[in-house]
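What follows is a single structure, written as structure tokens, with notes after it.
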Protein chains: 2
Amino acid sequence: MADHRSVPEPTLRRLPCYIHVLKKVEQLGRQSVSTSDISRELKLDPTQVRKDLSYTGIVGKPRVGYPLKDLIEAIEHFLGWDECTHACLVGVGHLGKALLGYNRFGEYGVRIVAAFDVDEAVVGARISDHIVYHIDALPEIAQRFNIEMGILTTPASAARGASQNMVEAGIKAIWNFAPTALELGADIIVENAQLYATLAVLSRQMRGRVQAQPKPSPLRITPGAEQMGPEP
Amino acid sequence: MADHRSVPEPTLRRLPCYIHVLKKVEQLGRQSVSTSDISRELKLDPTQVRKDLSYTGIVGKPRVGYPLKDLIEAIEHFLGWDECTHACLVGVGHLGKALLGYNRFGEYGVRIVAAFDVDEAVVGARISDHIVYHIDALPEIAQRFNIEMGILTTPASAARGASQNMVEAGIKAIWNFAPTALELGADIIVENAQLYATLAVLSRQMRGRVQAQPKPSPLRITPGAEQMGPEP
DNA sequence: TACTGTGAAGCCTTTCACAGCC
DNA sequence: GGCTGTGAAAGGCTTCACAGTA
């Protein structure tokens, strides 16, 4: 297994977790890791970790494991996180402000270069060092700064309109935090960051059903819920 | 198919999407919906929607569909979102503030009754009508307000400590937004709201691989990313 | 005809088992 | 011995096909 077509989506979702674990291990000064180290930390099957890593093209050394630095770089490269994608954020509400304040997107290959809204109360403001423009300025600014990704943090009611604005401005990929499906052309890449999916899984477990599982519950990644390291 | 054991996790993750669609349809004044209506909106297979809905115990009418109001209630009840769970939030950073400002958790069965942090700059403050207490006050307040759920929004480095504080305070379920796996007893329910999982899927698609898929890409719910409707 | 409901088939992901290597 | 790498088996979710119903 190596490079091309069709990486399982579950694998893609786990790769960021591996990066997080690996960076933690790196800070401990270690030079290499084994899949058992990773799987222990994340409560996954070691074989699965090996299969996942194999997609990135890295090869490990029997008896030793994987060279830590190379492994991190391999995953980051595989995800394209070693290159910088210019992004804009549309919808400067509570969540939008939170994402604008998050100063680590660089590690994930993303740089927010502009923010947009329609509310005069926030247009023109400077939030965590980002200037908020009126949405009407999107086409011009998107082109000027070569913006490829749109981060959509409007309320659901404004999401479709805002996403159309993004597409008209030439944006090809949308990270959608609004709780609605978008209706866009097939050439636009959309990924829904659905917060409530995880909450549904949690709520259901709390309501008594799905008690004691057969195996020690593996790292739960309810698709749609993602992690973010905010500062306290 | 009806009530008990082992609801597929993908089903659980889709249920919130159905609720969102249904509430939208409800605002249009309609009385009933069919699974084809829902599947069209979310780009899913109608059969899958029917299977998912059957877990909630609702039954539809051939030729008509499902009674809209009953269907919404059935899903909400199934998820326990028709009852109120008291939650606390630990980690009042950017994301924590965003969640505190989100005033619709009631629709999802959650009520944040207190917030905690260790940073003196924020302890004692009032954020979106929530008082921020020092983490040391957690045990007492958790007991006083009967807090069952913890929302963890600290940086990764503080997550394990904070989660232990929660457990010591008697909290049984944790909605974890920090990018780390927690190490807790098997009786604690943890759900990781991993933001980066969705970003990984998006990034990978942008990097050229995984082009034109065979079928019109279905609603993408990269496990771990969730949606939230902030206000602009 | 236009839906629901469901058993069976198909596909994808995970887990198992074991060969290879140092 | 301890770890990687991988083919094969198992399991779970999705899709198909069709019976049932008003």
Side-chain angles (χ1 to χ4, degrees), chain A residues 1-3 5-15 18 30-40 42-68 70-71 74 197 201 210 213-223, chain B residues 1-3 5-15 18 30-40 42-68 70-71 74 197 201 210 213-223:
Chain A
M1 227 157 276
D3 51 324
R5 229 50 0 91
S6 80
V7 183
E9 203 170 294
T11 294
L12 289 176
R13 295 197 301 252
R14 281 187 296 264
L15 289 176
Y18 299 157
R30 290 184 44 187
Q31 303 288 315
S32 61
V33 266
S34 68
T35 52
S36 14
D37 294 333
I38 299 171
S39 66
R40 201 178 313 117
L42 296 174
K43 297 192 190 98
L44 294 170
D45 186 293
T47 310
Q48 184 167 77
V49 177
R50 247 172 282 148
K51 279 228 159 82
D52 287 344
L53 296 184
S54 75
Y55 283 104
T56 69
I58 195 149
V59 293
K61 291 193 188 67
R63 173 92 182 128
V64 183
Y66 300 80
L68 190 43
D70 294 353
L71 181 51
V201 177
V210 189
Q213 273 150 325
K215 49 180 174 179
S217 74
L219 173 69
R220 308 194 64 80
I221 311 189
T222 306
Chain B
M1 226 158 275
D3 50 324
R5 230 48 2 88
S6 80
V7 184
E9 203 171 294
T11 294
L12 252 21
R13 295 197 300 251
R14 281 187 295 264
L15 289 176
Y18 299 157
R30 291 186 42 189
Q31 303 287 314
S32 60
V33 265
S34 68
T35 51
S36 13
D37 292 334
I38 299 172
S39 65
R40 202 178 312 117
L42 296 174
K43 297 193 190 96
L44 294 171
D45 184 294
T47 310
Q48 183 166 77
V49 178
R50 246 172 281 148
K51 279 228 159 85
D52 287 344
L53 297 184
S54 75
Y55 284 104
T56 69
I58 196 149
V59 292
K61 291 193 187 68
R63 174 98 180 120
V64 183
Y66 300 80
L68 190 44
D70 294 354
L71 181 50
V201 177
V210 188
Q213 272 150 325
K215 48 181 174 179
S217 74
L219 174 69
R220 310 194 64 79
I221 312 188
T222 305

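So you know, we letter chains A, B, ... as the sequences are listed, proteins then strands, and number each from 1.
Rounded to an integer number of Å, the gap from CG of D45(B) to C1' of dG5(C) is 14 Å. Taking atom CD of E9(A) as the reference point, atom C1' of dC13(D) lies 14 Å away to the nearest angstrom. Across the protein-nucleic acid pair, L15(B) atom CG and dC13(D) atom C1' stand 15 Å apart, rounded to whole Å. Distance, D37(A) CG to dT4(D) C1': 13 Å, rounded to whole Å. Atom CG in L53(B) sits roughly 12 Å away from atom C1' in dG5(C) (whole-Å rounding). Between the P atom of dA10(D) and the CD atom of Q48(A) lies a distance of 19 Å, rounded to the nearest Å. Taking atom CD1 on I38(B) and atom P on dG5(C), their separation rounds to 12 Å, with Å as the unit. Between the CZ atom of R40(B) and the C1' atom of dC3(C) there is a distance of 13 Å, given to the nearest Å.
Between D37(A) and Y66(A), the closest side-chain pair of non-hydrogen atoms is not below 4.5 Å. At a threshold of 4.5 Å between non-hydrogen side-chain atoms, the residues Y18(A) and V33(A) do not count as touching. Within the 4.5 Å cutoff, the side chain of K51(A) has no heavy atoms near those of the T11(A) side chain.
Within the 4.0 Å cut-off from OP1 or OP2 of dT14(D), at least one side-chain nitrogen or oxygen of R14(B) is found. For the OP1/OP2 pair of dG5(D) and a distance below 4.0 Å, the side-chain nitrogens and oxygens of R50(A) include no atom meeting the criterion. For Y55(A), no side-chain nitrogen or oxygen approaches OP1 or OP2 of dT6(D) to under 4.0 Å. For T35(A), a side-chain nitrogen or oxygen approaches OP1 or OP2 of dT4(D) to under 4.0 Å.
Within 3.5 Å, a donor on the side chain of K51(A) pairs with an acceptor on the base of dG7(D), or the reverse.
Taken to the nearest 0.5 Å, the CD atom of Q48(B) stands 12.0 Å off from the CD1 atom of I38(B). Rounding to the nearest 0.5 angstrom, the gap separating the CZ atom in R50(A) from the CD1 atom in I58(A) is 14.5 Å.
For Y66(B), the listed nucleotide lying nearest its side chain is dG5(C); candidates were dG5(C), dT21(D), dG20(C).
In this structure, T47(A) reaches the bases: a heavy-atom distance under 4.0 Å links it to at least one base atom across the strands shown. Residue contacts shown for T11(B) are absent, as no nucleic acid heavy atom lies under 4.0 Å away.
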